[in-house]
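To start, the structure under review is shown below, and the notes come after it.
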Amino acid sequence: MCGILGVVSCGSLLPCDFLPKAARSLAHRGPDDSGTILLNAADQEIGFAHTRLSIIDLSPLGHQPMPDPVTGSWIVFNGEIYNFRELRKELEAAGVEFKSHSDTEVILAAYRVWGESCLTRLGGMFAFALWDAPRKRLLLARDPMGIKPLYYHQSNQNFIFASEVRTLLQTGLVPRKADPTGVLSYLAFGSVYEPWTMVEGIMAVPPGHVLTVENGDLSSREYWNPLQASSRAESDASSGNGIGTADRLPAILRDAVLSHLVSDVPVGVFLSGGIDSSALVALLSHNGVRSNTFSLVFQEEEFNEGQYSREIAHRFGTEHLEIPVSQQDTLAVLPEALCAMDQPTIDGINTYLVSAKTRAEGVKVALTGLGADEMFAGYSNFRRVPKMEMFSKRFGRLPRLARRPLSASVALFAGKDDRSRKLAQLATGHDSIVHPYFLVRMLFGAAEREVLFGGTVGKSTSGARHGDSERALESVLRESVARSSALDPINRVSYLESHWYMRNTLLRDSDSMSMAHGLELRVPFLDRALVEACFRIPGDQKLRGDLPKSLLLASLGVELPREIVNRPKRGFTLPFERWLKGEMRPVVEDALLKSDWDQTSISANAVREVWNRFLAGETSWSRPWSLFVLKQWCGQNL
């Protein structure tokens, strides 16, 4: 796991300290080693920088940037390739010789032998840049699920890329200006939705894509997406081959989890005591692997899950470590956590705390249960959204004259809380809602966003620009719904959850907040073969029975304790409601009410209204908190 950075400069020489200086901004991602290389090709300069967190092949032979001695190509790589040993054997059989035992060298050799098709063979999480010296072109590639981040900026003279948005800003080659669509998506969902970022001109490389820069031209190609698995499922079903996917799931799940143990340093498991992390521990134990597990134990009983993690650790014989933490600890690190955000997010503080405590105990690599809810229908949204989708379809078939009084009645009797307003919007704003899923996940609705931007959409130059952003965001959301139209309602929610919320909030927060401490988090439930299998299985099979995530539980080969399976689902939550009205109120109130919002074009009066509604108990803490985080991030980075 590492940090990468690079530039292709045309017609202008880079400063001699450009690469080392830029690499220092990524030191937290790779504290073990660093390196740079500057190449010349015709009228171009190509610079690569790398900071290394040593996980596989700890020797100097794993140093990056790494050259291909045969072709003269170079690579910088962030991630882990879990099947690199199998690929290496295949390449050795084809006559390839290796100098190191690193997965980085395997990627270089695989590209030399198989070209871009090597991407479909790589099993793992990755973001890498490869300078193809013979063809004089740059390739940027990102793993299928978007586990590892990769951002880029293109101008007339330079093309630059990096693992973090803040690194691109610190090069001085990108104007420090908020992106209107990035701001809009953040207000809508609590995180910036790709391909946009919070900075105008910086874009994200999409998951499952390879970008090519050649002769100044940028092109993009998709090499994988989860809907391909669904298409194959249809052909399998027609031939009778798709019936047994659920039967093969235990073996696929086992292989996925065991493959994520590939490492030259110890691999632990973050054990919360919920189904997902407990399933990882149970599966490892069932296959003869004794885990090192660690859990955060809160002093406050309302947050403490220690009894559940201890039960799992005892049952499966793990080497268990409890890390005590208090709310005061969390409150104390909030300023640091805010500074660690690569992009603003209403989540992520919990991951920062977990990662800090875990790394301080000497743990360098940890498995997490992220992705299990999305793949095995663990959220309440998997039951809720299909019902809303059905209501929306039936409501849409009513004549417009019949819809109007019904919508008015719903609006009249809807409560003042956020959930009631969303349900009312499903009826009153039916024609403008892209899909009920986005309504469920929405932070500020369309009308609220218009107020935040001064109610000027379409009425001024600034308003017209935000109107353009609304249309741009709506377009990509509608495209994802259209692409998933062939899926059953449950699998459609799975696709939307993994494509939007998981990628833009959970995975991004996990990466930036863990790597702020030099900790690598691995996500076995997002193994590509497992994801493909889950999309092949009809959605109704995932909701059968009375147990949550019954398909996952049935695939483990070992039973989890009933008290773990049957307890209410509870995430790692922090008492922001109380903090914002208590300890944090002066700081938050000053930021929201006593400073300008020029960088984002948000209305100061609208922000004051959000804050007052929160104090009156008419809206949740997440709304003022999101505005506070946005203000802090812009102040630090723009």
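Here, residue 1 is the first one in the sequence, and each next residue gets the next number.
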Next on the checklist: Could you measure the distance from the CZ atom of R623 to the CD atom of E448? Nearest 0.5 Å is fine.
Outcome noted: 5.5 Å

Next on the checklist: For Y186 versus L443, what's the shortest heavy-atom pair and its separation?
Outcome noted: O-CD2, 4.2 Å

Item to check | Qualifying ring pair (Phe, Tyr, Trp, His ring centres under 6.0 Å) pairs, either residue in residues 471-499, two or more places apart | outcome: Y495-H499

Checklist entry - Are side-chain N/O atoms of S355 and S514 paired as donor and acceptor at under 3.5 Å? => result no

Next on the checklist: Are more than 12 heavy atoms, taken from residues, nucleotides or ligands other than K581, located less than 6.0 Å from that residue's NZ atom?
Outcome noted: yes

Checklist entry - Can you list the residues that meet the side-chain hydrogen bond (donor to acceptor under 3.5 Å, both in side chains) rule with S291, with sequence neighbours excluded? => result none

Checklist entry - With no hydrogens and no angle check, do the side chains of T345 and S191 hold a donor and an acceptor under 3.5 Å apart? => result no

Next on the checklist: Distance check, rounded to the nearest 0.5 Å: R478 atom CZ versus F438 atom CZ?
Outcome noted: 10.0 Å

Checklist entry - Counting only heavy atoms not in E559, do more than 12 sit closer than 6.0 Å to its CD atom? => result no

Item to check | side chain to side chain contact (heavy atoms under 4.5 Å, CB included) partners of P195, counting only residues at least two apart | outcome: M203

Item to check | Expected output: side-chain D143 to main-chain M125 donor-acceptor under 3.5 Å | outcome: no

Next on the checklist: Please tell me whether S480 and W500 have a donor and an acceptor in their side chains that are separated by less than 3.5 angstrom.
Outcome noted: yes

Checklist entry - Parallel, tilted or perpendicular: which describes the rings of Y379 and Y501, with under 30° parallel and over 60° perpendicular? => result perpendicular

Next on the checklist: Students often mix this up, so state it plainly: with edges at 30° and 60°, are the rings of F525 and F376 parallel, tilted or perpendicular?
Outcome noted: perpendicular

